[in-house]
Amino acid sequence: MLRIAQALDTQLREAMQRAFPEVDALLDPQLVPASKPEFGDFQANGALPLAKPLKQAPRQIAAAIVMALKADSAFTALCLEPQIAGPGFINLTIRPERLAAELATRLGDQRLGVPAVENAAPVVVDFSSPNIAKEMHVGHLRSTIIGDSLARVLEFRGHPVLRLNHVGDWGTQFGMLITHLKQVAPETLSTADAVDLGDLVAFYREAKKRFDDDEAFQVKSREEVVKLQGADPLTLKAWGLLCDQSRREFQKIYNRLDIRLSERGESFYNPLLPGVIEGLKDAELLITDDGAQCVFLQGVIGKDGKPLPVIVQKRDGGFNYATTDLAAIRYRFASIPDGDAARRVIYVTDAGQANHFAGVFQVAERAGWIPEGARLQHVPFGLVQGEDGKKLKTRSGDTVRLRDLLDESVERAEADLRRRLEEEGRQETESFIQLVAGTVGLAAVKYADLSQNRITNYQFSFDRMLALQGNTAPYLLYAVVRIAGIARKGGDLDVATAQLQFNEPQEWSLVRELLKFDAVIAEVEEELLPNRLCSYLFELSQVFNRFYDQIPVLKAQSDALSSRLALCRLTADTLKSGLGLLGIATLERM
RNA sequence: GGGGCUGUAGCUCAGCCGGAUAGAGCGACGGUUUCCUAAACCGUAGGUCGUGGGUUCGAGUCCCGCCAGCCCCGCCA
């Protein structure tokens, strides 16, 4: 209903200007969705703040606005008689025939009423970002799932989205990894192509242990770091092997989660790092402190009462992550041959990095690297906690591997499905069981994460996320299945619906809910909060289930049948599309 | 010490630009099935929105103080 809301906003604004031209600058309709269904579709709260400047009672002001509105034939064609309520709210109800017409336009619309952006400029979404030679673990879950969903929403709106995997593929830890590789598997460096290093985590642990215990090994490792930065061919080869091996492991997880990412690791920005220092020098921001090159932050005071620095070049001449992040910002905003030409750059990382990003963003801003009107945003999220409220760990106290976490969800979904089939005496093929368990298991993990406001810490619970009732993936998937069931039992959802007519309150509730989809997408695009989409889809499912329970579809009279099938069709399309934007696949039967 | 985030029903959480009597799910209690999958639906109970001030016609929402929890704070990312 975005278009309708915009039209109403304009009509209200003009009516207010006609009624009160003397306070033109203060006029704002404050048009918002009605807080309760009995108040209609929208409410305009704009009369209340005018009471003081106009020295009139707010209800009297509202009455004058309504009078002016009713002189507008476009308004009276759109809305029923406005109601003045409470202290001076103007309640607005859209004419049923206009709602039905709006619904009709969505039936054949792939975009479900969501407008495509004009002047689309690239948006960078930086998410997931695991470290080479380490396994993906629960710490990568939220960034990966939230980042993917935000990318999908932005893509749906028509933005060219660059999904960047800023993997940790550079840095001092490679010294020890390469040294270890050269010693335990020297043959891999002379043979071509990829190599299977087996368990990378074990490999990393061995290397780390040797580094901690063996001084000679440390010396070698430091030499390898220097060689790596000096592009020594053999060292580069070893580095490449380690990256390939990791990449293959990451890709298994991404395939499973149906997530597309372009890898562009830290190493990509390596050649650009000296330029960052030069640029900061040119901007006269660089200060040498205790041998390190720093930019001192404005408005951020450290322990000693002095401004906190962002260190961009270490005392030993090396660069660090702040330098890389600055190089990335510069590159992403730079125009095409030398950059991505982005107008919006989004970082999906845990809230613990908020200070870091605030500092880096400030430096980029002061260096003049953020173009006019461009947006640079940190999208923070809270920790994944166990049901005890502490950081999620395995029973033995280890970090939970992402692979294991997904496996367990799918296993639990399968066990639950098998128990249910047994109870209900249903016979299903093994491939059906695998498909349903796989879909439900992964959907549950994703939905549970996305349905929370991402800012807060998130309490992980298989039992809650896999529950068949409540605000869960299975509940939503079931609503889709119910509609598919109607289609299987003879309901033609592709029916041409020249004229829609609705008589039951449950039908109208569903119509109104369906028409909210465009506004919800616009909100997620702006606020970058996928939980708003989840809430909407849950509410839509609830309204649909009420409709399904109380209003017969297939057994309806013929004149009502096609309109009800149209509601089913659009509900299914909206749920599938919305779940798709969360990265969740749907099922026909479950 | 400084900074950030959080604090809403027994539990897990929503709460949009400040707007009408603060919502949902789970759990608890009670009801509904000759009918498209009851994995559903209907109902009841449950609140000092951490706390004290302030701004406002109006505050869960904005500002200040305090309390509690978590996180971050110079050469790791």
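The sequence lines fix the lettering, A, B, ..., with proteins before strands; numbering per chain opens at 1.
Rounded to a whole Å, the CZ atom of A/Phe460 is 14 Å from the C1' atom of B/rU12. Between A/Arg546 atom CZ and B/rA24 atom C1' the separation is 11 Å, expressed in whole Å. Between the P atom of B/rA20 and the CD atom of A/Gln30 lies a distance of 12 Å, rounded to the nearest Å. If you take CG of A/Asp549 and P of B/rU33, they are 11 Å apart, rounded to a whole angstrom. Atom CD1 in A/Ile455 sits about 15 Å away from atom C1' in B/rU61, given to the nearest Å. Rounded to whole Å, the distance from CZ on A/Arg59 to P on B/rG58 is 18 Å. Distance, A/Asn457 CG to B/rC72 P: 11 Å, rounded to whole Å. Rounded to whole Å, atom P of B/rC57 lies 14 Å from atom CG of A/Leu54.
Heavy atoms from other residues, nucleotides or ligands lying under 6.0 Å from CD of A/Glu422 number 12 at most.
Across all strands shown, A/Arg315 has heavy atoms under 4.0 Å from base atoms, whether or not it also approaches the sugar-phosphate. A/Asp28 comes within contact range of no nucleotide atom at all, as no heavy-atom separation falls under 4.0 Å. Note on A/Arg564: nothing from the nucleic acid sits closer than 4.0 angstrom, heavy atoms only. Here A/Val300 lies out of heavy-atom contact (under 4.0 Å) with every strand. Note on A/Asn91: a base of the nucleic acid sits closer than 4.0 angstrom, heavy atoms only. In this structure, A/Ile551 reaches the bases: a heavy-atom distance under 4.0 Å links it to at least one base atom across the strands shown. Using a 4.0 Å heavy-atom distance criterion, A/Ala292 is classed as a base contact. Residue A/Arg589 is classed as a base contact, given a heavy-atom separation below 4.0 Å to a base. Note on A/Gln353: a base of the nucleic acid sits closer than 4.0 angstrom, heavy atoms only. Nucleic acid contact class of A/Pro309 (heavy atoms, under 4.0 Å, all strands): base. Within 4.0 Å (heavy atoms only), A/Pro380 reaches no atom of the nucleic acid at all. Heavy atoms of A/Glu527 sit under 4.0 angstrom from primed sugar atoms or phosphate atoms, though from no base atom. Nucleic acid contact class of A/Gly352 (heavy atoms, under 4.0 Å, all strands): sugar-phosphate only. The residue A/Phe538 sits close only to the backbone: its heavy atoms come under 4.0 Å of sugar-phosphate atoms, none of a base.
Remark: the A/Gln385 side chain and the A/Gln459 side chain contain no N/O donor-acceptor pair separated by less than 3.5 Å. For the residue pair A/Asp350 / A/Gln353, a side-chain donor-acceptor distance below 3.5 Å is found, with atom types taken as modelled. With no hydrogens or angles considered, a side-chain donor-acceptor pair links A/Asn545 and A/Tyr475 at under 3.5 Å.
Across every strand in view, B/rU34 sits unpaired, with no contact that passes the Watson-Crick or G-U test at under 3.5 angstrom. Base-pair partner of B/rG23: B/rC13 (Watson-Crick or G-U wobble, both distances under 3.5 Å). In this structure, B/rU51 and B/rG65 make a Watson-Crick or G-U wobble pair, each of the two defining distances being under 3.5 angstrom. In this structure, B/rG58 makes no Watson-Crick or G-U wobble pair, since no nucleotide meets both defining distances under 3.5 angstrom. Using Watson-Crick or G-U wobble geometry with both donor-acceptor distances under 3.5 Å, B/rU44 finds its partner in B/rA28. The nucleotide B/rC70 finds its pairing partner in B/rG4, both defining distances of the Watson-Crick or G-U wobble pair being shorter than 3.5 Å.
For the side chain to side chain contact (heavy atoms under 4.5 Å, CB included) test with A/Tyr548, the passing option among A/Thr571, A/Ile486, A/Val553, A/Leu567 is A/Ile486; the others fail.
A sub-4.0 Å separation between OP1 or OP2 of B/rC13 and a side-chain N or O of A/Arg464 is absent. Proximity of A/Gln469 to the phosphate of B/rA40: a side-chain N or O atom is located under 4.0 Å from OP1 or OP2. Side-chain nitrogen and oxygen atoms of A/Asn531 include none within less than 4.0 Å of the OP1 or OP2 phosphate oxygen of B/rC13. Phosphate contact (OP1/OP2 of B/rG25, side-chain N/O of A/Ser535, threshold under 4.0 Å): absent. OP1 and OP2 of B/rC41 both lie 4.0 Å or more from every side-chain N or O belonging to A/Gln550. The shortest distance between the side-chain N/O atoms of A/Tyr347 and the OP1/OP2 oxygens of B/rA77 is not below 4.0 Å.
Here the closest heavy-atom approach between residue A/Ser149 and residue A/Leu450 is recorded as CB-CD2, 3.9 Å.
Checked against B/rA39, B/rG19, B/rU12, the side chain of A/Glu424 finds its nearest nucleotide in B/rA39. Here B/rU21 is the nucleotide among B/rC36, B/rU21, B/rC76 with the atom lying nearest to any side-chain atom of A/Lys36. Of the listed nucleotides (B/rC36, B/rG25, B/rG23), B/rC36 has the atom at the smallest distance from the side chain of A/Leu554. Ranking B/rG25, B/rG19, B/rA20 by closeness to the A/Gln542 side chain, first place goes to B/rG25. Out of B/rC36, B/rA38, B/rG15, the shortest distance to the side chain of A/Arg482 is found at B/rA38. In this structure, of B/rA20, B/rC36, B/rG23, it is B/rC36 that holds the atom nearest to the side chain of A/Val553. Among B/rC13, B/rA40, B/rA39, the nucleotide with an atom closest to any side-chain atom of A/Arg420 is B/rA39. You'll find that the side chain of A/Glu523 is closest to B/rC16, out of B/rC16, B/rG15, B/rA39. For A/Asn545, taking side-chain heavy atoms from C-beta onward, the closest of the listed nucleotides B/rC41, B/rC13, B/rC36 is B/rC41. Comparing B/rC35, B/rC57, B/rC70 by their closest approach to the side chain of A/Lys555 singles out B/rC35.
One can find a donor-acceptor pair under 3.5 Å joining the base of B/rC72 and the side-chain atoms of A/Asn355. For A/Ser35 against B/rA20, a side-chain-to-base donor-acceptor contact under 3.5 Å is present. Judged by atom type and distance alone, A/Asp350 does not reach the base of B/rA77 through any side-chain donor-acceptor pair under 3.5 Å. In the interface, the side chain of A/Gln452 is not paired with the base of B/rA14 through any donor and acceptor atom under 3.5 Å apart.
The aromatic ring centres of A/Phe39 and A/Phe89 sit 6.0 Å or more apart. Aromatic pair A/Phe268/A/His166: ring centres not closer than 6.0 Å. Taking the centre of each ring, A/Tyr347 and A/Phe361 come in below the 6.0 Å mark.
B/rU61 and B/rG50 have their C1' atoms separated by 16 Å, with the value rounded to a whole Å. Spacing of P atoms, B/rA39 relative to B/rC26, comes out at 14 Å, to the nearest Å. B/rU21 sits 25 Å from B/rG30 when the C1' atoms are compared, rounded to a whole Å.
With the nearest nucleotide of RNA chain B identified for both A/Asn131 and A/Gln43, A/Gln43 has the one nearer the 5' end.
Put simply, CG on A/Leu529 and CD1 on A/Ile455 are 6.5 Å apart, with the number rounded to the nearest 0.5 Å.
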